[in-house]
Amino acid sequence: MTPLAPSSVEVSGDRRRLVVGWPGGRETTAPAAWLYDNAEGGFDPKSGHRLHGALTLAGALEIGGARTEAGAVVVRFAPGGETRRISLAALAGAEAGTDAVAPRLWATADEVAAAPPVAFEACLADDRALRDVLDRVVQRGIAFLVGAGSEPGTVERLVARFGYVRETNYGRLFDVREEIAATHLAYTPVGLDLHTDNPYRDPVPTLQVLHVIEAAADGGESQFTDGFAHAAALRAAAPARFDVLAATPVEFAYVGPSGERYAARVPIIETSAAGEVVGVCLNHRSLCSPPPEAAEPWYEAYLDFYQRLHAPAARLERKLWPGDVAVFDNRRVLHGRSPYHGGAIRRWLQGCYADIDGLKATLSRLPPPEGGGGE
Ligand SMILES: [Fe+2]
């Protein structure tokens, strides 16, 4: 590897930042506090934790002097007087930005439907197959597996490959099947509009895993839609409506069988400080309507988004069979089902929740795909 060599290193006139020029004309401008915080020796070698607290930065507000030496810039800080080395590699990488994977939106189901499902046993045994599944969840929000058998508890074996089950008020695992005297519409044969699960929880479970143990003889097709793709479409076609849904928190609530009431207030479309869509929370069954005086523009925007999500061309509709597994981002991909008739066989899906940050963390340690390509 060619050693990094800056073409210039200068302290700004007010001594508060260092300007490093690189061959080709790129520059890195780093304030004194950043230099101190990223200096060599500032981190515990085992944990990677920063060793000093932020109060120390009061002694590193200015640069008393700077010089280059092998692979580093040596900076003397003022008013504290400490001298520290900052590696050129850290300075060169400072402008590179994050390596976060941009979501691959799917406004229609074609691309996701065409991706062949991954073999369940391969995902358990082979890191390349696991990587394929996790990549799909991060990029498209959903992955399908086949061949998982029909043993209850199977979802735990999959989640153990990349993280931990998130237990909720529905238990560690939950069974989606028809129940006598059901306390939840999911446990009846009615169809369910597309929705995200548990919007009344704070925080919302970020990942859902569903395993088909038994399929209905008639009906019960599973449906999935990319909420991010249709939020983007709404933003492009009707930006004022997008803004209403992003700016108006609404309450979702659920009262459990013992009378406990879960409630959370969130916007239907959640955006980051940079304006990116980072979450969709939508479940008409548990929605508490906004106050009537604010309801007219909100309902207009909500119905527009709801219709986009439920357009037949928007959704992936697929009959899932015993042994099939779906893993999806519960803050992005909405799921639903057509009504079903049980007959002699009862439809039975077993599911659990997990955390998508754990999935991403596992993905970060897996070896890259062969050839550097992949999904
Ligand atoms: Fe659901």
Side-chain angles (χ1 to χ4, degrees), residues 109 112 137 140-145 152 154-156 158-159 165-179 182-216 219-228 230 250-257 262-264 266 268 270 279-288 305-306 309-310 314-320 324-340 342 346-356:
V112 175
V137 175
R140 299 214 183 88
I142 189 164
F144 293 98
L145 296 90
T154 294
V155 288
E156 293 215 63
L158 179 61
V159 171
V165 169
R166 176 173 164 192
E167 197 164 341
T168 71
N169 51 305
Y170 297 105
R172 183 169 175 79
L173 309 184
F174 51 85
D175 292 297
V176 186
R177 57 183 167 183
E178 190 176 354
E179 288 179 357
T183 57
H184 197 295
L185 276 182
Y187 306 150
T188 73
V190 302
L192 297 175
D193 276 8
L194 291 154
H195 62 280
T196 59
D197 267 13
N198 300 9
Y200 39 80
R201 296 302 306 272
D202 181 13
V204 161
T206 48
L207 196 70
Q208 184 167 174
V209 182
L210 284 175
H211 168 221
V212 182
I213 294 176
E214 288 182 6
E221 287 82 8
S222 295
Q223 300 158 344
F224 302 94
T225 295
D226 184 359
F228 283 12
H230 297 285
V250 288
E251 184 169 283
F252 291 93
Y254 170 72
V255 179
Y262 292 93
V266 284
I268 298 290
E270 187 187 344
V280 169
C281 250
L282 190 149
N283 190 325
H284 200 61
R285 282 173 283 141
S286 53
L287 169 74
C288 306
F305 189 38
Y306 209 91
L309 293 164
H310 286 80
R315 67 173 171 242
L316 171 65
E317 181 162 283
R318 157 176 299 190
K319 179 98 175 185
L320 296 178
D324 288 356
V325 175
V327 187
F328 54 97
D329 181 343
N330 186 50
R331 285 168 39 88
R332 172 179 172 184
V333 170
L334 296 91
H335 63 286
R337 70 164 186 236
S338 63
Y340 65 93
R346 298 178 69 203
R347 185 180 190 264
W348 179 10
L349 274 60
Q350 190 171 63
C352 71
Y353 301 110
D355 300 311
I356 200 164

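All ligand and atom numbering here is 1-based and tracks the order in the structure. Here the structure is a predicted model, which is why all the values come from computation and not from measurement. Quick note: numbers below take in every heavy atom, side chains included, and nothing from hydrogens, waters or symmetry partners. Along the sequence shown, residues are numbered consecutively beginning with 1.
- Judged by distance alone, the side chain of Arg337 and the main-chain N or O of Val190 form a donor-acceptor pair under 3.5 Å.
- No donor-acceptor distance shorter than 3.5 angstrom exists from the side chain of His195 to the backbone of His284, with no hydrogens or angles considered.
- Protein contacts to the Fe ion (ligand 1) involving N, O or S atoms at a distance below 2.8 Å are His195 NE2, Asp197 OD1, His335 NE2.
- Rounding to the nearest 0.5 Å gives a distance of 8.5 Å between CG of Leu210 and CG of Leu320.
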- Intermediate values then yes/no, side chain to side chain donor-acceptor pair (under 3.5 Å), Asp193 and Tyr306: CA-CA 10 Å; Asp193 276 8; Tyr306 209 91; 2.6 Å; yes

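- Side-chain atoms of Tyr353 and Asp197 include a donor-acceptor pair closer than 3.5 Å.
- Residues in residues 166-176 take part in these salt bridge (Lys or Arg N to Asp or Glu O under 4.0 Å) pairs, two or more places apart or across chains: Glu156-Arg172.
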